[in-house]
A.B. asks: 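Can you read through this structure? Questions will come right after.
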Number of protein chains: 2
Amino acid sequence: MTNKTLLLKDFLPYRLSLLSNKISRTIADGYEERFSLTLPEWRVMAALGEEPNISANQVVEKTAMDKVAVSRAVKKLLEDGRIERQFSQDDRRRSVLTLSESGAAIYQDIIPIALTHEQRLLANFSDEEKAQFDALFDKLMQNQSAL
Amino acid sequence: MTNKTLLLKDFLPYRLSLLSNKISRTIADGYEERFSLTLPEWRVMAALGEEPNISANQVVEKTAMDKVAVSRAVKKLLEDGRIERQFSQDDRRRSVLTLSESGAAIYQDIIPIALTHEQRLLANFSDEEKAQFDALFDKLMQNQSAL
DNA sequence: TAACATTAGTTTCATAAGAAACTAATTGCA
DNA sequence: TGCAATTAGTTTCTTATGAAACTAATGTTA
């Protein structure tokens, strides 16, 4: 029998959204004003830090961001000298992006902020609990993708 | 030792945001166009469906939404006749909101959509896994709140 | 009881974000 | 070849969102 009552506080999608927003906000507070970076900008930088020399489109694939958001973030990051763009000569639509020296420095500054936050979130998790959570979370992701 | 490498795909805040956005989007697709309801509007309705006769401010507390978002959603829902407002006579700043008849009908239509989605997400979870996930998730919430 | 502080809710203003249309380059295929 | 379809990325337009200022009512305190 289907339960016909909806309790927001127990409703998984709602809880996910609550937690996710809070976490993103808290982390962003750690770098937004200090480096005047927006969240989409930081995401693009994170993608390039992890895998340099990829195109804007590959950033889209990698981060699941909207391509307009990527385009705008790239523009701003270029203006601010945090990334560099090199046009490909075999396909002149494409260009390949990398962190600039100053961008890489910022990236290195932010990583510990991000990782520390993650560690604090998981502070009182045993290794087993981490693994459990990870596995169950992946299962959720797969279920969602299958819809 | 702190790991100095950030892999987006393993980064918990990032994974949460990805999953949460996908789920919200999918569920919203189920009612947005059909009932021309935005997500904040639906959240307000869900709050009132669960606990009728509360003020806008109580909706804010209950849902953790921004008060501007609530104010706007309330305005729209009133215009569309989906909720009703009764001003309190002892404190004329306050008003008390309820779903209208038509609002309640929509609410009843949407609940199964929402619950079905949740069930599908958890379809292949054993009861034990559900309980585990729930507990670990709560722990995350508490850790985040403590920051 | 006259000010000052607080609270509920709204409006304004500036920025963010996404859908759709667009440009420019490349690829596929008749 | 040459023209339709595809792809990369940008721009435009409309709507969403949040911070801050504002209005109106109530509470507090000297």
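Bear in mind that the values here come from a model prediction, so they are computed numbers and not experimental data. The sequence lines fix the lettering, A, B, ..., with proteins before strands; numbering per chain opens at 1.
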A.B. asks: Between Gln86(B) (CD) and dG9(C) (P), how many Å, whole number?
C.D. replies: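 One finds 14 Å between P of dG9(C) and CD of Gln86(B), rounded.
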A.B. asks: Suppose we screen for ring pair (Phe, Tyr, Trp, His ring centres under 6.0 Å). Which residues come up paired with Tyr31(B), at least two apart in sequence or across chains?
C.D. replies: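 Applying ring pair (Phe, Tyr, Trp, His ring centres under 6.0 Å) to Tyr31(B) gives Trp42(B).
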A.B. asks: Using the test side chain to side chain contact (heavy atoms under 4.5 Å, CB included), find all partners of Ala69(B) that sit at least two apart in sequence or belong to another chain.
C.D. replies: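 Met65(B), Asp66(B).
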A.B. asks: Check the distance between dG18(D)'s P and Asn21(A)'s CG and give it to me in whole angstrom.
C.D. replies: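 Rounded to the whole Å, the gap is 8 Å.
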A.B. asks: With sequence neighbours excluded, what pairs up with Asp134(A) under the salt bridge (Lys or Arg N to Asp or Glu O under 4.0 Å) test?
C.D. replies: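 For Asp134(A), the residues satisfying salt bridge (Lys or Arg N to Asp or Glu O under 4.0 Å) (neighbours in sequence not counted) are Arg15(B).
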A.B. asks: Which atom pairs link the protein and nucleotides 4-7 of chain D when you take only N or O atoms and keep those under 3.5 Å?
C.D. replies:
residue: dT7(D); atom: O2; partner: Arg93(A); partner atom: NH1; Å: 2.3

A.B. asks: Between the side chains of Ser17(B) and Arg43(A), does any donor sit under 3.5 Å from an acceptor?
C.D. replies: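 Side-chain D/A pair, Ser17(B) to Arg43(A): present.
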A.B. asks: For the pair made of CD in Glu32(B) and P in dG18(C), what is the distance, rounded to whole Å?
C.D. replies: 13 Å
A.B. asks: Rounded to the nearest angstrom, tell me the gap between atom CG in Asp66(A) and atom P in dA20(C).
C.D. replies: 11 Å
A.B. asks: Please give me the minimum heavy-atom distance between Val70(A) and Ala56(A), naming the atom from each residue.
C.D. replies: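 Taking every non-hydrogen atom into account, CG1-O, 3.8 Å.
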A.B. asks: In whole Å, what is the span from the NZ atom of Lys76(B) to the P atom of dT10(C)?
C.D. replies: 16 Å
A.B. asks: Distances under 3.5 Å only, N/O to N/O: pair up the protein atoms with those of nucleotides 11-16 of chain C.
C.D. replies:
none

A.B. asks: Identify which nucleotide among dG9(C), dA21(C), dA25(D) has an atom closest to any side-chain atom of Lys67(A), counting heavy atoms from C-beta outward.
C.D. replies: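 Within the option list, the nearest is dA21(C).
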A.B. asks: Given the rule that a pair is Watson-Crick or G-U wobble with both distances under 3.5 Å, how would you write DNA chain D in dot-bracket, using | for pairs to a different strand?
C.D. replies: ||||||||||||||||||||||||||||||
A.B. asks: Does Ser95(A) have a side-chain nitrogen or oxygen under 4.0 Å from the phosphate oxygens OP1 or OP2 of dG9(D)?
C.D. replies: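 Answer is yes, contact under 4.0 Å.
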A.B. asks: Using whole Å, report how far CG of Asp91(B) lies from P of dT28(D).
C.D. replies: 12 Å
A.B. asks: With sequence neighbours excluded, what pairs up with Arg25(B) under the salt bridge (Lys or Arg N to Asp or Glu O under 4.0 Å) test?
C.D. replies: Asp29(B), Glu32(B)
A.B. asks: Can you name the residues that form a salt bridge (Lys or Arg N to Asp or Glu O under 4.0 Å) with Lys22(A), not counting sequence neighbours?
C.D. replies: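 For Lys22(A), no residue satisfies salt bridge (Lys or Arg N to Asp or Glu O under 4.0 Å) once neighbours in sequence are set aside.
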A.B. asks: Starting at the 5' end of DNA chain C and moving along, which residue's nearest nucleotide shows up first, Arg25(B) or Asp90(A)?
C.D. replies: Arg25(B)
A.B. asks: Within the structure shown, what part of the strands sits under 4.0 Å from Ala56(A) by heavy-atom distance: base, sugar-phosphate, or nothing?
C.D. replies: sugar-phosphate
A.B. asks: Any side-chain N or O of Arg85(B) less than 4.0 Å from the OP1 or OP2 oxygen of dT10(C)?
C.D. replies: yes
A.B. asks: Which residue pairs pass the salt bridge (Lys or Arg N to Asp or Glu O under 4.0 Å) test with at least one member in residues 105-122 of chain B, sequence neighbours excluded?
C.D. replies: none
A.B. asks: Sequence neighbours left out, what passes side chain to side chain contact (heavy atoms under 4.5 Å, CB included) with Ser55(B)? Give chain and number order.
C.D. replies: Asn57(B), Gln58(B), Arg94(B)
A.B. asks: Would you kindly give the CZ-to-P distance between Phe87(A) and dA8(D), to the nearest whole Å?
C.D. replies: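 Going from CZ in Phe87(A) over to P in dA8(D) covers 15 Å.
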A.B. asks: For Asp29(A) and dG18(D), give me the distance from atom CG to atom P, rounded to whole Å.
C.D. replies: 13 Å
A.B. asks: Once ring pair (Phe, Tyr, Trp, His ring centres under 6.0 Å) is applied, do any residues pair with Phe133(A), and if so which ones, sequence neighbours excluded?
C.D. replies: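 Checked Phe133(A) against ring pair (Phe, Tyr, Trp, His ring centres under 6.0 Å); matches are Phe137(A), Phe133(B).
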A.B. asks: Both Leu39(A) and Val96(B) contact DNA chain C. Taking the nearest nucleotide for each, which residue is further toward the 5' end?
C.D. replies: Val96(B)
A.B. asks: Can you name the residues that form a ring pair (Phe, Tyr, Trp, His ring centres under 6.0 Å) with Phe11(A), not counting sequence neighbours?
C.D. replies: none
A.B. asks: When clusters are formed by joining ILVMFWY residues with side-chain heavy atoms under 4.5 Å apart, either directly or through shared neighbours, do Val96(B) and Val60(B) land in the same one?
C.D. replies: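 Result: no, two separate clusters.
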